[in-house]
Amino acid sequence: MSGELFSQTLLVGINLGAFYALIALGFTLMFGIMGVLNMAHGTIYMVGAMIAFYIYGQAGLSFFIALPLAMLITGLFGVLVERFLIRPSGGELLQVWLITVALWLGLQGVAYLVFGFIARGVPPPVTGTTTVLGLGISNYRLLIIGVAAVLIGGVYYLIHRTKIGLAMRAVEEDKIAATIQGVNLNMLNGFVFLVGFALAGAAGALMAPAYSISPTIGLTPLLKAFMIVALGGMGSVPGAIAGGMLLGLADSFLGVQFGMSMAYILTWIMIIVILIFRPKGLMGAY
Amino acid sequence: MLLMGLLLVLALATLPFTSACTTEDGEDGEDGEGPTSIRMGLSTPLSGDAAAWGIAQLRAVEMLADEYNAEGGIYIEAAGEKLLIEVIAYDDKYTPSETTICATRLIEQDEVHFIHNMGEEMATTIAPMAREAGIIQWGTSWELSDPNPDFPLSFSDLMRNQEMYAALITWFHEQHPEVTNIGSWALNNAGGLLEHGIIEATAGDLGMDVVFWDVFDWGTTDFTPLILPALDAGVEAFFSSSAPPDAVGNFIKQARDLGFDGYFCITMSETHWIAEIAGYENAEGLIDIGEIGEPIPAAAQKYADAYLEKYGPPLSTMCLIPWLQGSQPLFQAIERTQSLIAEVIAEELRTGTFITVGGECWFGGAEFYGIDNQIQMPMPISVCMDGVPVTVDWVVAAPYPD
Amino acid sequence: MRTRKSIVILAALIALAIVLFTMPFVLSSYLLLVLILILIYLLPAMSMRVSLLAGQTNIGVVAFFAIGGYASAILSMKLGVPVLFALLGGGLIAALVGLLLGSMIMKMGDLYFLILTWGFLELTRSVAIKAVPLTNGPFGLVNIPPISIGGIVLSRVPEYFFILFVTVLVLVILYRVEYSRLGLTWKGIAQAPSLSEAVGVNVYRFKLISFIISCFVAGLGGALYAHHMGVLQPVMFTFLLATTVILWNVLGGVGSFWGPVVGTVFLLLIVEPLRGLASSEMITYAAILIVVIIFLPGGLITLPDRLLPLIRRLRRKGKTAKAGVEGGGA
């Protein structure tokens, strides 16, 4: 592999890694704290992208308004889902799983009705390139990495430096003890759904200018999220970041070296090998 | 328990005999009164990754049905009057297992006279069913289920890789003889792999070199691991035939982002959408064969208006042109023969010529497939200019290889 | 002593048997096709249950479905094995692969077991696409011979009875297994793994047995599927299909043996009237899922249990009302 190809592959890998880490974040949070495998994760990502399409692409508002708006809307939707779908069902894991599957399918159906089947696109919010280490990288890609870093940092701050973050960590460790200590589980669950959905929506909105927008774009983020949290450790935020970066670099290097379909096989083999030697993932808490 | 077991084994042993006795499930067929409507069935992807093609196919058929129905339908001799056209469509999600159910339902329950389908795996599944039911299969697929003398009622209503792709490469070479290094990227499915075979053969004959090729799976949005080594290998022009419009849009955007300034060539896609996804600047110069660009021929304009009225913007020229062109011969054949009998219509299709929005077309290909069931028509070549496809040329299919 | 409940169940079973036997003569070819597919899909559904009983979520059920299908098809097409034996062969080969895979991953916690079996599914599909000489790659296998006994090909109606026979047989066997000591041990392991280990149960071995049985049943189902459809393509075997199989189990109810049966039948039947609605199909389907799970969190199988108290309450109201009238009228 030539030097230039190597640097470009590395750059692409880091870009993908940031994207993947952001995708995995919301997913691992929901699983770690509530044990919820959010099958609708990819669909919320899709919704975030579509919101960005309407607010930024169609209405012409600034991308930097569209992105937080997308997070707000999807986050609020998460709260509503928790309150009106999850809680009435009893909150048992199997039932919740099924509801997220129903959400996945139902929202996709709504997307077909409202958005249509035609894939659309929006232009990048920033143009031009910057030279980093002798290579040109588009400013938009830098923006993605930057925003992802900010969001990840924000989540870290939330979990480790705020009271509600403390409550989340407490529930993750021992739900019953946490309740005894005064944690209001209902409110906390609502909050976790808010954050989980908002992060998924943020990822979708952020990546809207990078890829096409259509009802089917949610499947890949869901599958990647699964793979990343398996790699990094279920329920571990640093794990999601490490797993995301690792997967991004793997996708890039293996893809360039062996072709894309072969890379997929190799990535799975990599995950399997890692899990055999470290059954709890790279930084697993479970 | 033992007794139950013996009984069951006995029951099992009788099965082969009942097989001989049971009459084959035949269609009810029309009762002595004759047909009451013309029923077109579609088993096509209306959701999922292939929905862009499936919905395009459905809408083209619907528009044609509307057009004829506005005049009262098509006159069928056996009925003694004009019959209205009914369009029945089921979403087969581009999977063969669903296709079987959809097709069975269309044939046995809805008793359609014609069955349209999308995709090679699906066409393969439906062909024997259509043959058994004695109805015409109007198949859209790129490879694998080639027209075949064993299935005289299965027609291919689209120019396929063998016809289109070779013509595209030849045209491109004439326009840009200085380009020698080409890259091929295709879906990781039957069509994609066969597509690659054609590009290798044709390009080789013309003195071009396929310096890079790779396949991708459905749902891929990030093509950078594919583009990087291609650029490293010195690709000057990218060719793809099987990629859906959103994949093409993503591909172009990412390739340009990585510094590629060469050519993109595709077949029968939807340039408007691609340009929006990729960015108008990036998509400038995109070459598409089989897509009629601006200005839309007068014959197609009324369909464009009808489309916007019925389905609303944005307009899909993919609905408008390729599938319209493909379906018009069928409707015209019914009109001419005034019949719903498959063999009669099939004969008319094979021997007649038809006028479509794109000009004249006929069915041929016997020298290559063994039967004249492959549509033949001059193909437009359009180039993307400022986000809009502009027709620059018309070509005929390259001659079939020996 | 026959309790009322067991008489009702017996009557229901007899009614069911009559219905199942007359179906093919009453139904149209299309509905019969749907029914056959339901019967075939019952096998992977039950296979998933077998895994779930032991506390494992075996996404790989779809992979073994594929392996069984391909194995059976290849045995009959390339090695000339008669279809009946090929069917069995498909199941056995799937079980064998399951043994190999299982022995490697059985010690994992359920979550990682899920991920690994999913990885296995992805790898299986990728192998099916790449191993062209064996599986014909993405083109898939076509013209797989239909089921035949003694050289006579079974037409649609006898084919239905054959598949019905196999499915019922498998269900009966799995029922006996679930209520045997083996089944009870699984349930114990699923509910209290450490306790089980502490009392000397070889958790690893029991989980492996559950896995192998699950793989065999899934493989057998795949083999039936292959010879029924006549076509096998790698694109059929996806994560979404695996999710659907779990869906059948959860919606039907994981607490009962009949849960997956009810869930599978219900969900596969519900799709048919919705076919043709395009995007509304997905929305309606999702809405049905949500309504069912909110009102019947235990799954569809809990419907009678939920209805019974309601019925009793209504009857009691009726009785007291009557008594009130009579008493008041005196």
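Lettering follows sequence order; numbering is per chain, from 1. The figures here come from the full heavy-atom set of this structure, side chains too, leaving out hydrogens, waters and symmetry mates.
- Residues A/Arg141 and B/Asp257 have side chains in contact (heavy-atom distance under 4.5 Å, counting atoms from C-beta outward).
- By the 4.5 Å heavy-atom criterion applied to side chains, A/Ser261 and B/Phe216 are not counted as neighbours.
- Per-residue heavy-atom pair counts under 4.5 Å with chain B were compared for A/Thr129, A/Thr216, A/Leu223, and the maximum is reached by A/Thr216.
- Residues B/Leu258 and A/Val12 are in side-chain contact: their nearest non-hydrogen atoms beyond the backbone lie under 4.5 Å apart.
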When the side chains of residues 263-273 of chain A are checked against the rest of the protein, which donor-acceptor pairs come out under 3.5 Å, sequence neighbours left out?
residue  : atom : partner  : partner atom : Å
A/Tyr264 : OH   : A/Trp268 : NE1          : 3.3
A/Tyr264 : OH   : C/Glu122 : OE1          : 2.3
A/Thr267 : OG1  : A/Ala263 : O            : 2.5

message: Would A/Arg120 and B/Asp246 count as a salt bridge (charged side-chain N to carboxylate O under 4.0 Å, His left out) here? Give the steps.
response: CA-CA 8 Å; A/Arg120 309 294 300 270; B/Asp246 52 311; over 6 Å; no
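- The CD1 atom of A/Ile118 sits 7.0 Å away from the CD atom of B/Glu270 when rounded to the nearest 0.5 Å.
- For the atom pair OG (A/Ser138) and CZ (B/Arg256), the distance works out to 15.0 Å, reported to the nearest 0.5 Å.
- Contacts of A/Pro124 with chain B are absent, with no heavy-atom separation under 4.5 Å from either backbone or side chain.
- Residues of residues 275-287 of chain B that come within less than 4.5 angstrom of chain A, heavy atom to heavy atom, are B/Glu276, B/Ile277 in numerical order.
- If you measure heavy-atom distances from A/Thr9 to chain B, the contacts under 4.5 Å come from both the backbone and the side chain.
- Heavy-atom pairs under 4.5 Å with chain A peak, among B/Ile274, B/Thr221, B/Thr224, at B/Thr221.
- Between atom CZ of residue B/Phe251 and atom OG of residue A/Ser212 there is a gap of 14.0 Å, rounded to the nearest 0.5 Å.
- Applying the salt bridge (Lys or Arg N to Asp or Glu O under 4.0 Å) test to pairs two or more places apart or on separate chains, those with a residue in residues 209-227 of chain A are A/Lys224-A/Asp251.
- Looking only at side-chain heavy atoms (C-beta outward), A/Met260 and B/Asp217 stay at 4.5 Å or farther from each other.
- B/Gln254 is listed as a side-chain neighbour of A/Tyr211, based on a closest heavy-atom distance under 4.5 Å.
- Applying a 4.5 Å heavy-atom cutoff, the residues of residues 15-28 of chain A that approach chain B are A/Leu16.
- If you measure heavy-atom distances from B/Asp222 to chain A, the contacts under 4.5 Å come from both the backbone and the side chain.
- Nearest heavy atoms, B/Leu46 versus A/Tyr112: O-CE2, 4.5 Å.
- For the options A/Gly13, A/Pro123, A/Pro215, A/Ala210, heavy-atom pairs under 4.5 Å to chain B are most numerous at A/Ala210.
- Heavy-atom neighbours of A/Gln58 CD from other residues, nucleotides or ligands within 6.0 Å: above the threshold of 12.
- Taking every heavy atom of both residues into account, A/Ser252 and B/Pro225 meet most closely at O-CB, 4.1 Å.
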